[in-house]
Amino acid sequence: QVKLVESGGGLAQSGDSLRLSCATSGFTFTNYGFAWFRQAPGKEREFVAAISLRGTTTAYADAVKDRFTISRDGAWNTVYLQMSSLKPKDTAVYYCAAKIGVTNAYTLKNERPHYDFWGQGTQVTVAS
């Protein structure tokens, strides 16, 4: 059974840091690239960050560049999103998604393809 389970969300203050985790199971982790998305109330889902299947390339939305870092750990089959200098505009539900055969993370940022698997999301709220 395929699972992507996000965790690590919660309430933070402006300027704080949080680390989100996406724990995966039921498929071959090393064959997939991953992306983080977020959706705020009343807004469309937006791309946040992506990482290739070997972790050699990463890509970020302009709104989070230099503040967020995506990474992956093959020993734990887990993808992370380290968020620093949080702002109220970062408040959203954050989702993890997987797509097979992604060798360049910029294809996920620029082409916005179909994803094979999605997690259920984790809420991040940043107070001012």
Side-chain angles (χ1 to χ4, degrees):
Q1 185 176 8
V2 171
K3 289 185 177 180
L4 281 73
V5 181
E6 299 96 334
S7 62
L11 178 63
Q13 303 297 315
S14 292
D16 283 357
S17 297
L18 286 175
R19 188 177 73 161
L20 305 184
S21 298
C22 175
T24 73
S25 60
F27 62 98
T28 303
F29 182 80
T30 54
N31 289 344
Y32 288 76
F34 291 87
W36 287 94
F37 291 80
R38 66 187 184 186
Q39 188 166 24
K43 301 294 182 67
E44 293 186 350
R45 184 174 296 176
E46 67 173 325
F47 171 86
V48 175
I51 189 165
S52 62
L53 56 83
R54 290 185 295 275
T56 53
T57 59
T58 57
Y60 299 91
D62 290 344
V64 307
K65 203 172 188 68
D66 301 321
R67 297 190 298 121
F68 291 10
T69 301
I70 188 171
S71 61
R72 60 190 293 160
D73 187 340
W76 294 94
N77 294 337
T78 300
V79 181
Y80 302 96
L81 185 68
Q82 178 67 51
M83 306 185 295
S84 300
S85 301
L86 283 165
K87 305 173 181 180
K89 69 178 182 178
D90 296 319
T91 295
V93 177
Y94 283 72
Y95 298 90
C96 179
K99 181 173 176 59
I100 196 167
V102 177
T103 57
N104 188 332
Y106 276 89
T107 64
L108 298 182
K109 176 181 180 179
N110 298 329
E111 298 179 7
R112 309 298 175 89
H114 166 79
Y115 287 81
D116 297 296
F117 311 119
W118 288 86
Q120 83 293 334
T122 185
Q123 176 72 49
V124 172
T125 302
V126 184
S128 60

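Not measured: the values here are computed from a predicted model.
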Visitor: Under the 3.5 angstrom rule, does the side chain of Thr91 hit a backbone N or O of Val126 as a donor-acceptor pair?
Guide: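 Checked: pair present.
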Visitor: Can you measure from NZ (Lys87) to OG (Ser128) and round to the nearest 0.5 angstrom?
Guide: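 Going from NZ on Lys87 over to OG on Ser128, the span is 14.0 Å.
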Visitor: Does atom CH2 of Trp118 have more than 12 heavy-atom neighbours, drawn from other residues, nucleotides or ligands, at distances under 6.0 Å?
Guide: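 Correct, the count exceeds 12.
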Visitor: Find out if a path of hydrophobic residues (ILVMFWY) with successive side-chain heavy-atom gaps under 4.5 Å connects Ile51 to Phe117.
Guide: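 Hydrophobic grouping puts Ile51 with Phe117.
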Visitor: How far does CG of Leu11 sit from CG of Leu18, to the nearest 0.5 angstrom?
Guide: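 Output value for this atom pair is 9.0 Å.
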Visitor: With no hydrogens and no angle check, is any side-chain donor or acceptor of Ser71 less than 3.5 Å from a backbone partner on Val79?
Guide: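 No.
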Visitor: State yes or no: do Tyr115 and Trp36 share one hydrophobic cluster built from I, L, V, M, F, W and Y residues joined by side-chain heavy-atom distances below 4.5 Å, directly or via other members?
Guide: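 Not linked; separate clusters.
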Visitor: May I ask you to decide if Arg54's main-chain N or O and Thr56's side chain share a donor-acceptor pair within less than 3.5 Å?
Guide: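 A pair under 3.5 Å: no.
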Visitor: Hey, could you give me the OG/CZ distance between Ser84 and Phe68, rounded to the nearest 0.5 Å?
Guide: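 Between atom OG of Ser84 and atom CZ of Phe68 there are 8.0 Å.
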Visitor: To the nearest 0.5 Å, how far apart are OG1 in Thr57 and OH in Tyr106?
Guide: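 Going from OG1 on Thr57 over to OH on Tyr106, the span is 8.5 Å.
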Visitor: Assigning hydrophobic clusters by single linkage (Ile, Leu, Val, Met, Phe, Trp, Tyr; side-chain heavy-atom cutoff under 4.5 Å), is Val48 placed with Leu108?
Guide: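 The answer is no; the residues belong to distinct hydrophobic clusters.
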Visitor: Mind listing the closest non-hydrogen atom pair of Pro88 and Ser14 along with its distance?
Guide: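 Looks like CD-OG, 3.4 Å.
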Visitor: Return yes if some donor-acceptor pair links the side-chain N/O of Tyr60 with the main-chain N/O of Ile70 below 3.5 Å, else return no.
Guide: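 Checking the backbone N and O of Ile70 against the side chain of Tyr60, a donor-acceptor pair under 3.5 Å is found.
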Visitor: Going by heavy atoms in the side chains, are Tyr32 and Leu53 under 4.5 Å from each other?
Guide: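 A side-chain contact under 4.5 Å is absent here.
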Visitor: Taking the side chain as every heavy atom from C-beta outward, state whether Phe27 and Leu4 have any pair of such atoms under 4.5 Å apart.
Guide: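 Yes - at least one pair of side-chain heavy atoms lies under 4.5 Å apart.
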Visitor: Which heavy atom of Thr107 sits nearest to which heavy atom of Pro113, and what is that distance?
Guide: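 What the structure gives for the nearest pair is O-CD, 3.9 Å.
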Visitor: Applying a strict under-4.5 Å side-chain criterion to I, L, V, M, F, W and Y, I'd like to know whether Leu86 and Val93 cluster together.
Guide: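 Hydrophobic grouping puts Leu86 apart from Val93.
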Visitor: So do Thr122 and Ser7 actually touch side chain to side chain, heavy atoms under 4.5 Å?
Guide: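 SC-SC contact between Ser7 and Thr122 ruled out.
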Visitor: For a salt bridge (charged side-chain N to carboxylate O under 4.0 Å, His left out) with Glu46, tell me which candidate from Lys109, Arg38, Arg112 qualifies.
Guide: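 Of the listed residues Lys109, Arg38, Arg112, the salt bridge (charged side-chain N to carboxylate O under 4.0 Å, His left out) partner of Glu46 is Arg38.
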Visitor: Between atom CZ of Arg72 and atom OG of Ser52, what is the distance when rounded to the nearest 0.5 Å?
Guide: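 Output value for this atom pair is 7.0 Å.
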Visitor: From Glu6 CD over to Leu81 CG, what is the distance, rounded to the nearest 0.5 angstrom?
Guide: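 Reported to 0.5 Å precision, the distance equals 11.0 Å.
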Visitor: Is the Phe47 ring parallel, tilted or perpendicular to the Phe37 ring (thresholds 30°, 60°)?
Guide: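 Rings of Phe47 and Phe37: perpendicular, as their planes differ by over 60°.
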Visitor: Given side chains that start at C-beta, do those of Thr24 and Phe34 come closer than 4.5 Å, heavy atoms only?
Guide: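 Sidechains of Phe34 and Thr24: in contact.
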Visitor: With a 4.5 Å heavy-atom cut-off, do Met83 and Arg67 have their side chains touching?
Guide: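 No, their side chains stay 4.5 Å or more apart.
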Visitor: Counting only N and O atoms by type, is there a donor-acceptor contact under 3.5 Å from the side chain of Asp116 to the main-chain atoms of Ile100?
Guide: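 Yes, because the side chain of Asp116 sits within donor-acceptor range (under 3.5 Å) of the backbone of Ile100.
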